[in-house]
Protein chains: 2
Amino acid sequence: MPDPLSATFAALADPTRRAILARLAQGEASVGQLAAPFSISQPAVSKHLKVLEQAGLITRGRAAQSRPCKLDVARLRDVSDWLETYRRFWDESFDRLDAYLAELQKGDPDAQKN
Amino acid sequence: MPDPLSATFAALADPTRRAILARLAQGEASVGQLAAPFSISQPAVSKHLKVLEQAGLITRGRAAQSRPCKLDVARLRDVSDWLETYRRFWDESFDRLDAYLAELQKGDPDAQKN
DNA sequence: CAGTTATATAACTTATTAGTTACATACATG
DNA sequence: CATGTATGTAACTAATAAGTTATATAACTG
């Protein structure tokens, strides 16, 4: 069992799974709905969903004989946090952004006027 | 040959490779320097570096018998871009941030005063 | 140019992954 | 309750990955 971040990256390293996540970003969906756009078999989709679930990227409910899948973004947030270390290498406005976020955190009323 | 984003995620799905990237975030390093912190063999490190290079996450130079490795963040930026689709699901200040970035892009002089 | 240092490659092993087909489970409904 | 629909699991195959040891390449050094 790899660490959660490794499991997350591994799960994201497949275009089919990323497409599934993109679909789920628009709302819950059944396995059948998720499988429809792909030419692979239904069991293959089930396996992809299992990988996503074990990585913590989706959760599953139960509704009649359907097992609706739902996006869980906590792990994506972890990826984003991991990326923060490197953001300064490409984000020109990183410093200004950083300052802005610091303002927000201080609760600067002016910064929150929108 | 998978698509670049898949190759990037696959390369990141290994803690040793992420540690190598973290080290390279502090500056170029030789293979030996990169290998030092790990208990695995030198060829194993060479293979990890090959994976990182083929994913476009590092580049390599030549200096005497050393092959210095250098971080290349372009693909990390691609990951960050990919994440943007999902950021709204967790970033409370996403809207304000978005507005702020829009201001920056417009070249608002006040926003760029730092 | 012989030896040492730095790194890459080859050959191999073991484990994991993505897909398949066939089958099982579970609920819904006529 | 028999059947259809939705989904998961088993068993298998082929490809890939991560590690090993042994060896090759390439450049510096005396």
Side-chain angles (χ1 to χ4, degrees), chain A residues 1-24 27-71 75, chain B residues 1-21 23-24 27-72 75:
Chain A
M1 303 139 190
D3 60 288
L5 194 53
S6 294
T8 302
F9 279 126
L12 295 176
D14 183 292
T16 302
R17 288 195 288 260
R18 292 198 303 277
I20 289 172
L21 292 182
R23 166 64 186 79
L24 290 176
E28 294 194 14
S30 70
V31 176
Q33 290 172 319
L34 292 172
F38 304 107
S39 56
I40 59 178
S41 64
Q42 169 265 316
V45 173
S46 270
K47 282 172 85 172
H48 280 306
L49 293 174
K50 194 175 194 175
V51 172
L52 290 169
E53 186 178 28
Q54 289 181 339
L57 286 160
I58 66 170
T59 56
R60 304 217 229 178
R62 192 173 263 294
Q65 67 275 62
S66 171
R67 306 289 314 280
C69 298
K70 194 180 167 217
L71 183 63
R75 296 298 161 79
Chain B
M1 304 140 190
D3 60 289
L5 195 53
S6 294
T8 302
F9 279 126
L12 296 176
D14 182 292
T16 301
R17 289 195 288 261
R18 291 199 303 278
I20 289 172
L21 292 181
R23 165 65 186 78
L24 290 176
E28 292 192 17
S30 70
V31 177
Q33 290 173 320
L34 292 172
F38 304 108
S39 56
I40 59 177
S41 66
Q42 170 266 315
V45 173
S46 270
K47 282 171 87 170
H48 280 307
L49 293 174
K50 194 174 194 175
V51 171
L52 289 170
E53 186 179 26
Q54 289 180 339
L57 286 161
I58 65 170
T59 57
R60 304 218 228 178
R62 192 173 262 294
Q65 67 274 62
S66 170
R67 307 289 315 278
C69 298
K70 193 180 169 214
L71 183 64
D72 182 343
R75 295 297 161 78

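The chains referred to below are lettered A, B, ... by the order of the sequence lines, with proteins before strands, and numbering in each begins at 1.
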**Report entry** Interatomic spacing from CG in B/Leu24 to OG1 in B/Thr59 - rounded to 0.5 Å
**Finding:** 9.0 Å
Report task. Decide yes or no for B/Leu21 and B/Ile58: does some side-chain heavy atom of the first lie under 4.5 Å from some side-chain heavy atom of the second? Result -> yes
Requested in this report: For the side chain of B/Ile40, starting at C-beta, report the closest nucleotide among C/dA8, D/dG19, C/dT20.
Outcome: D/dG19
Query raised in the report: So what does B/Ser41 hit on the nucleic acid, given a heavy-atom distance under 4.0 Å: a base, only sugar-phosphate, or nothing?
Result: base
Query - B/Thr16 OG1 to B/Ile40 CD1 distance, which is reported to the nearest 0.5 Å - result: 5.0 Å
**Report entry** Whole angstrom value for the distance that separates P of C/dA18 from CZ of A/Arg18
**Finding:** 12 Å
Report summary line: Sorted by number, residues from residues 49-65 of chain B placing a heavy atom under 4.0 Å from DNA chain D are B/Ala64, B/Gln65
Query raised in the report: To the nearest 0.5 Å, what is the distance between CG (B/Asp14) and CG (A/Asp3)?
Result: 9.0 Å
Query raised in the report: Is the shortest side-chain N/O distance from B/His48 to OP1 or OP2 of D/dA17 below 4.0 Å?
Result: no
Query raised in the report: Can you tell me if the side-chain N/O atoms of A/Thr16 get under 4.0 Å from OP1 or OP2 in C/dA18?
Result: no
**Report entry** Distance in Å, B/Cys69 SG paired with B/Leu34 CG, rounded so as to fall on 0.5 Å steps
**Finding:** 5.5 Å
Report summary line: Value for CD (A/Gln33) from OG (A/Ser66), rounded to nearest 0.5 Å, stands at 7.0 Å
Requested in this report: For A/Glu28 and D/dT7, give me the distance from atom CD to atom C1', rounded to whole Å.
Outcome: 16 Å
Query - Phosphate contact (C/dC27 OP1 or OP2) by A/Ser66 side-chain N/O below 4.0 Å - result: no
Query raised in the report: Can a side chain N or O of B/Ser46 be found less than 4.0 Å away from OP1 or OP2 on C/dT7?
Result: no
Requested in this report: Please state how far atom CG in B/Leu34 lies from atom P in C/dA6, giving the value in whole angstrom units.
Outcome: 14 Å
Query raised in the report: Which parts of nucleotides 11-17 of chain C does protein reach within less than 4.0 Å, heavy atoms only, written one letter per nucleotide 5' to 3' as B for base, S for sugar-phosphate only and - for none?
Result: -------
Requested in this report: Using a 4.5 Å cut-off on heavy atoms from C-beta on, say whether the side chain of B/Arg18 contacts that of A/Ser6.
Outcome: yes
Query - Qualifying residue for salt bridge (Lys or Arg N to Asp or Glu O under 4.0 Å) with B/Glu53, from B/Arg67, B/Lys70, B/Arg60, B/Lys47 - result: B/Arg60
Report summary line: Side-chain contact check for A/Pro43: nearest option of C/dT21, D/dT7, C/dG19 is C/dT21
Report summary line: One should read off an interatomic distance between B/Phe9 CZ and A/Arg17 CZ, to the nearest 0.5 angstrom, of 11.5 Å
Query raised in the report: Ignoring hydrogens and angles, does a donor from either the side chain of B/Gln42 or the base of C/dA6 sit under 3.5 Å from an acceptor on the other?
Result: no
Query raised in the report: Tell me: CZ of B/Arg67 to P of D/dT25, nearest whole Å?
Result: 15 Å
**Report entry** Side chain of B/Val31 - closest among D/dG19, C/dG19, C/dT7
**Finding:** C/dT7
Query - Separation of C/dA18 P from A/Ile20 CD1 (nearest whole Å) - result: 11 Å
